[in-house]
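Below is one structure, written out as structure tokens; the observations come after it.
We use all heavy atoms of the structure for the numbers below, so side chains are in, but hydrogens, waters and symmetry mates are not. Letters A, B, ... mirror the listed sequences (proteins, then strands); counts begin at 1.
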2 protein chains.
Amino acid sequence: MILLSECQVNNALEAIVGKWKHKILFPLLNNKTMRFNELKREIPGITQKMLTSQLRELEDHDLVTRKVYAQIPPKVEYSLSEHGKSLIPLLDMMNEWGAAHAAHIATKKVEQIKNTKKEGSS
Amino acid sequence: MILLSECQVNNALEAIVGKWKHKILFPLLNNKTMRFNELKREIPGITQKMLTSQLRELEDHDLVTRKVYAQIPPKVEYSLSEHGKSLIPLLDMMNEWGAAHAAHIATKKVEQIKNTKKEGSS
DNA sequence: CAGCATCCTACAAGATACTG
DNA sequence: CAGTATCTTGTAGGATGCTG
């Protein structure tokens, strides 16, 4: 029994919600570290601005570590922080449930189409 | 190893993201069924419009069941659907991680303040 | 290379009023 | 009671150009 007043789900959501945030996290789950443009290439459609801002937010939540090399041309590496690793089981679970949910909705829609056809032919 | 291209996390997020969606789900996790105004009273600050639209979205995702009694005054009961129950472990996990995350961020901030003071006093 | 600054738009969310 | 129907607003997200 969980009370709404004590619900901490929003804290979890805030950390990973955003059109791109979890898409940024996923490459980092597998690869140790990635550079800015590596991530950009890995995530189709993301703009520089969005990649930057979402990375900053992930940093603020201490999920991602940013390592700057003082050199020219610049080199910045991003990796999952220790705290960020605690997210892995949760993301796994969300991934699993997301797949199951998509399948459930798909079969539901198929049934709806069948019912529509029955009504139409009757 | 999860591939970004196969990532289903967004499906999970879509289903439960929204400023109020999980706050609507929580009362339903504990109580079997609730009426519209019961929910409204349970969730401080929510407007009728938001409660309605978010409930519709939850319905569309087959997470919540809507039962209408044909009577005057109207009576509509909302409850967690069978499929919605599959969300419980996930919400539990998000709740737990959310609490741990909040604690982590809190201690991090305390450390930052300590460091600031050290710098200031030096 | 890895950004920042600026401007812009679309849509989520809120306020308010009305109704079967 | 349990909603719609409008109108308004805040902000996430996007397009584009510039830079250490």
Side-chain angles (χ1 to χ4, degrees), chain A residues 4 9-28 31-61 63-80, chain B residues 4 7 9-25 27-28 31-61 63-80:
Chain A
L4 177 59
V9 171
N10 35 340
N11 291 324
L13 285 175
E14 271 173 31
I16 56 175
V17 160
K19 191 170 176 183
W20 304 100
K21 242 176 252 182
H22 68 275
K23 296 196 177 184
I24 294 170
L25 284 173
F26 263 70
L28 295 176
N31 300 281
K32 286 280 178 211
T33 65
M34 291 187 86
R35 297 181 61 172
F36 186 85
N37 277 345
E38 257 184 301
L39 277 169
K40 190 167 182 314
R41 259 176 268 123
E42 202 73 16
I43 305 165
I46 197 167
T47 61
Q48 281 181 335
K49 179 196 164 182
M50 285 317 294
L51 183 52
T52 304
S53 69
Q54 302 268 300
L55 277 169
R56 290 293 172 282
E57 285 178 36
L58 290 169
E59 235 193 303
D60 289 344
H61 282 284
L63 298 176
V64 157
T65 306
R66 181 167 179 263
K67 189 173 178 183
V68 183
Y69 293 83
Q71 60 179 52
I72 303 234
K75 178 178 173 183
V76 181
E77 281 183 347
Y78 293 93
S79 58
L80 211 61
Chain B
L4 177 59
C7 166
V9 171
N10 35 338
N11 290 324
L13 285 174
E14 271 174 31
I16 55 176
V17 160
K19 192 168 176 184
W20 303 101
K21 242 176 251 181
H22 68 275
K23 296 196 177 184
I24 294 170
L25 284 172
L28 296 176
N31 301 281
K32 286 279 177 213
T33 65
M34 292 187 84
R35 297 181 61 173
F36 186 86
N37 276 346
E38 258 183 300
L39 277 169
K40 191 169 181 316
R41 259 176 269 122
E42 201 73 15
I43 305 166
I46 197 167
T47 61
Q48 281 182 334
K49 179 196 164 184
M50 284 316 296
L51 183 53
T52 304
S53 67
Q54 302 268 302
L55 277 168
R56 291 292 174 281
E57 286 178 36
L58 289 169
E59 236 193 305
D60 290 343
H61 283 284
L63 298 176
V64 158
T65 306
R66 182 166 179 263
K67 190 173 178 183
V68 183
Y69 295 81
Q71 60 179 53
I72 303 233
K75 178 178 171 183
V76 181
E77 281 181 346
Y78 294 93
S79 58
L80 210 60

W20(B), nearest nucleotide to its side chain (from dC1(C), dG14(C), dG3(C)): dG14(C)

Please tell me if the side chains of I24(A) and Y78(A) come closer than 4.5 Å, counting only heavy atoms from C-beta onward. no

Starting at atom CD1 of I43(A), determine the distance to atom P of dG13(D), rounded to an integer number of angstrom. 14 Å

What is the distance from atom CD1 of I43(B) to atom CG of L51(B), rounded to the nearest 0.5 Å? 6.0 Å

Any sub-3.5 Å donor-acceptor pair from E77(A)'s side-chain atoms to T33(A)'s backbone N or O? no

Describe the nucleic acid contact of Y78(B) in one word from base, sugar-phosphate, nothing, applying a heavy-atom distance below 4.0 Å. sugar-phosphate

Symbol by symbol from the 5' end, with Watson-Crick or G-U pairs under 3.5 Å, [ ] crossing and | another strand, DNA chain C is ||||||||||||||||||||

Given dA13(C), dA2(C), dC1(D), identify the nucleotide with an atom nearest to the side chain of F36(A). dA2(C)

OP1 or OP2 of dC1(C) versus the side-chain N and O atoms of R35(A): is any pair under 4.0 Å? no

L51(A) CG - dA15(D) P separation (whole Å): 15 Å

What's K40(B) touching, base or sugar-phosphate or nothing? Going by heavy atoms closer than 4.0 Å. nothing

For atom CD1 of I24(B) and atom C1' of dA13(C), their distance in whole Å: 13 Å

Distance, rounded to the nearest Å, where E77(B) contributes CD and dC1(D) contributes P: 15 Å

Flag the pair C7(B) / K23(A) as yes when at least one side-chain heavy-atom distance between them is below 4.5 Å, and no otherwise. no

Is the phosphate of dG13(D), meaning OP1 or OP2, less than 4.0 Å from a side-chain N or O of Q54(A)? yes

Working to the nearest 0.5 angstrom, can you tell me the gap between L13(B) CG and L13(A) CG? 7.0 Å

So, does R66(A) get its side chain near the phosphate of dA2(C), meaning an N or O under 4.0 Å from OP1 or OP2? no

Quickly work out the R56(B) CZ to dA13(C) C1' distance and round it to whole Å. 17 Å

Where the side chain of T52(B) is defined as all heavy atoms beyond and including C-beta, which of dG3(C), dG13(D), dT4(D) is the nearest nucleotide? dT4(D)

Could you tell me how far apart L55(B) (CG) and dA2(D) (C1') are, to the nearest whole angstrom? 11 Å

How long is the line joining CD of Q48(B) and P of dG14(C), in whole Å? 14 Å

Which of dA17(C), dG3(C), dC1(C) is nearest the side chain of N37(A)? It is dC1(C)

Looking at K67(A), I want to see if its NZ is surrounded by more than 12 non-hydrogen atoms of other residues, nucleotides or ligands under 6.0 Å. no

Round to a whole Å and report the spacing from CD1 of I46(A) to C1' of dG3(C). 14 Å

If you round to the nearest 0.5 Å, how far is CZ of R35(A) from NZ of K40(A)? 14.5 Å

Looking at dG14(C), dA2(D), dC1(C), which one has an atom nearest to any side-chain atom of P74(A)? dC1(C)

Side-chain donor/acceptor of Q54(B) to backbone N/O of K21(B), under 3.5 Å: yes

Between K49(B) and dT16(C), is there a contact of a side-chain N or O with OP1 or OP2 at under 4.0 Å? no

